[in-house]
Amino acid sequence: MTDAAPLTLNGTPTRVRFCPAPSGWLHVGSVRAALYNWLHARHHAGTFVFRIEDTDASRATEESMRSMLDAMLWIGLDWDEGPQLEVDGTIGARGDYGPYRQSERSELYTAVARRLEAAGHTYRDHRTAEELEAWREQQRAGGDGGPPVVKAANFEHTDDELARFATEDRPASLRLRTPASGATVVTDLVRGEIRFDWASISDPVIERSNGTATYPLANSIDDVAQGIDLICRGEDLLSVTPRQVLIHELLLADGLLDEALAEVGLPPRDPAWGAPRRFAHLPMVVGMDRKKLSKRHGSVSIQEFRRQGFLPATLRNYLALLGWAPNDGRERLTDAEMIESFELDSVGRSAAAFDVDKLTAFNGERIRDLDPDDLTDKLVPFLDGTYGDEALLDDPATPQQLAMLRGLVPLIQERMQRLDEVVNYAGAFLRDHVELDPASVAKVFTKAGSYESIEAAQAALAEAEWTVDAIEAALRALSEELGIGFGKVAQPIRVAVTGSSVSPPLFESIELMGRELTISRLAAAAPVAREARAEAL
RNA sequence: GCCCCCGUCGUCUAGCGGCCGAGGACGCCGCCCUCUCACGGCGGUAACGUGGGUUCAAAUCCCAUCGGGGGUACCA
């Protein structure tokens, strides 16, 4: 820790949270927000809370919950409080201020809503969706030209209307009264002070007509109840901030939230906690076309990147750099280095484009840094059918297969950028037969000396000592013998043996494959080369 | 329409009044290495949106303008 203040102003360690809706997959933009929260918590020795915002219970299946947890575990952002995958496969929780799924806290939201209502901070809105839409249409187009701002002054029903709706048994949502005038200033760590005029902010619905809490209510309640002191989230939530700080204040006034907590039997707040006093709104993550990052741009969920063979450490490093840079300008950072130098107030303000090419380059570097045995282990799921469609390995892999893979890794490690590329190389080593790539055949076998090289190699390798050096010596001798450059003899042999004009280093590949396989492939390719050459003439 | 945010190479960024004839990284282009492809090494390409101020001095401060984005939901 450098100049990090380990404690917040009131003396308690910082508490931050990541609270996605459980759609099933994690968007890279969300992961970056999670990462920044995590880095902040770890840098300041605070607490990182993971909360699931499944207010809309219909979308929150057990399946999607599991997928979220799995993704968070994989990306490596460990949380101190939140849901937890138990050993028996069920979903439990850890932490003293749970539950950490909003679907399990609905009683609290109701208790708070009743208190806000009793205190006169709310009013009922009996309008139907159609009526609301019609009203907005009229406001937008309207002759009076006013913006569609919902305020108690122009929206609260008269007593007569209320009485009539009551007899009609018409459902109603609950709206929060926001100030009619004046302004509120939000202090944002990345943007500085931002001023909002209440006159242009609508009274939000905090409880739907079916009685469930909406995001502004549930999110605000949980942040205060769980002692979140810094709210770090996407810029898309910036405009919602004023009404949330208003709710925070209301919750703390007269112990309103504390009473509600006690009433429904949820854990009490730590008395030292206040309202979230700091905000950090992160710039959007966009595609290279500057539009909001979506499926049109390719992969957007962290799970997809996993299947494509990106390393979690690469994602953490790359995502950290999407909007932030350490003072010394380094880019390849370990977790410890990021935690050491990360500061939210040095996060940039403009939207960042997600550049897969750079991510891929970073990934290649990290793959090269891996211990070969470690890399071997990481490659297995890309070969046994776990991720890809075709399986080159049995599941589980045989010792012979693993030995072959282990031997292959040093040959391919420095030419991979993604783990899934292993399938491009491994086929020639793990399969009995190799398909000769037609393009390679057309390009290489048609050249002078191709079948001569292959046939000569067959003879030479039949007797060569089986070491890389001896194989190299035997093949280089062919070049002299045939009177052509070594490149001209190596390429046909490469195609014959690996099936492609692009492969790992030839001598090492041959050595790894073994004499039997090598000779049989040379034998099989020789007539193909003869034919290709004949046709070319 | 209204509210809010943003604006340095194609992209991520460094820069916080002179050290900037703007630095790094990815990409791209050359060259070297070389049995292919890579790795690696070396070199190059490329940016302060525009217009006004303030100042001896502006990428850095102010204003305007243009451009981009977010919000404007009984979604989160």
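Keep in mind that this is a model prediction, so the values were computed, not measured. Just so it is clear: chains get the letters A, B, ... in the order the sequence lines come, proteins before strands, and each one is counted from 1.
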Hey, could you give me the CE/CG distance between A/M284 and A/D236, rounded to the nearest 0.5 Å? 3.5 Å

Taking donor-acceptor contacts at under 3.5 Å, does the side chain of A/S209 reach the base of B/rC74? yes

Under a 4.0 Å heavy-atom criterion, the protein footprint on nucleotides 13-23 of chain B, written with B, S and -, is S----------

Expressed in angstrom and rounded to an integer, what is the separation of A/D289 atom CG from B/rG67 atom P? 19 Å

Indicate whether OP1 or OP2 belonging to B/rG69 is found under 4.0 Å from a side-chain N or O atom of A/R290. no

B/rG69 to B/rC74 separation - P atoms, rounded to the nearest Å: 25 Å

Assigned chi class of B/rC37 under the 90° convention is anti

Base partner of B/rC37, which must satisfy Watson-Crick or wobble distances under 3.5 Å: none

When A/Y36 is tested against each of A/F342, A/F18, A/W324 for ring-ring contact (aromatic ring centres under 6.0 Å, His included), which residue passes? A/F342

Pair partner, B/rG7 [Watson-Crick or wobble, under 3.5 Å]: B/rC66

Taking only the side-chain nitrogens and oxygens of A/R476, find out if one of them lies under 4.0 Å from OP1 or OP2 of B/rC35. yes

Would you mind checking if A/D289 and A/K291 are paired as a salt bridge, meaning a charged N to carboxylate O distance below 4.0 Å? no

Do the side-chain N or O atoms of A/R175 get closer than 4.0 angstrom to the phosphate oxygens (OP1, OP2) of B/rC74? yes

In whole angstrom, what separates A/L132's CG from B/rU72's P? 14 Å

For A/S103, is there any backbone N or O sitting under 3.5 Å from a side-chain donor or acceptor partner on A/D54? yes

Among B/rG71, B/rC74, B/rC6, which nucleotide has an atom closest to any side-chain atom of A/K292? B/rG71

With a non-hydrogen cut-off below 4.0 angstrom, is A/V240 in contact with a base, only sugar-phosphate, or nothing? base

Do the side chains of A/R330 and A/E340 get close enough for a salt bridge, i.e. N-O under 4.0 angstrom? no

Separation of A/M288 atom CE from B/rG27 atom P, in whole Å? 12 Å

Rounded to whole angstrom units, what separation is found between the CG atom of A/D188 and the P atom of B/rC5? 10 Å

Just the rounded figure in Å: distance from C1' of B/rG70 to CZ of A/F196. 11 Å

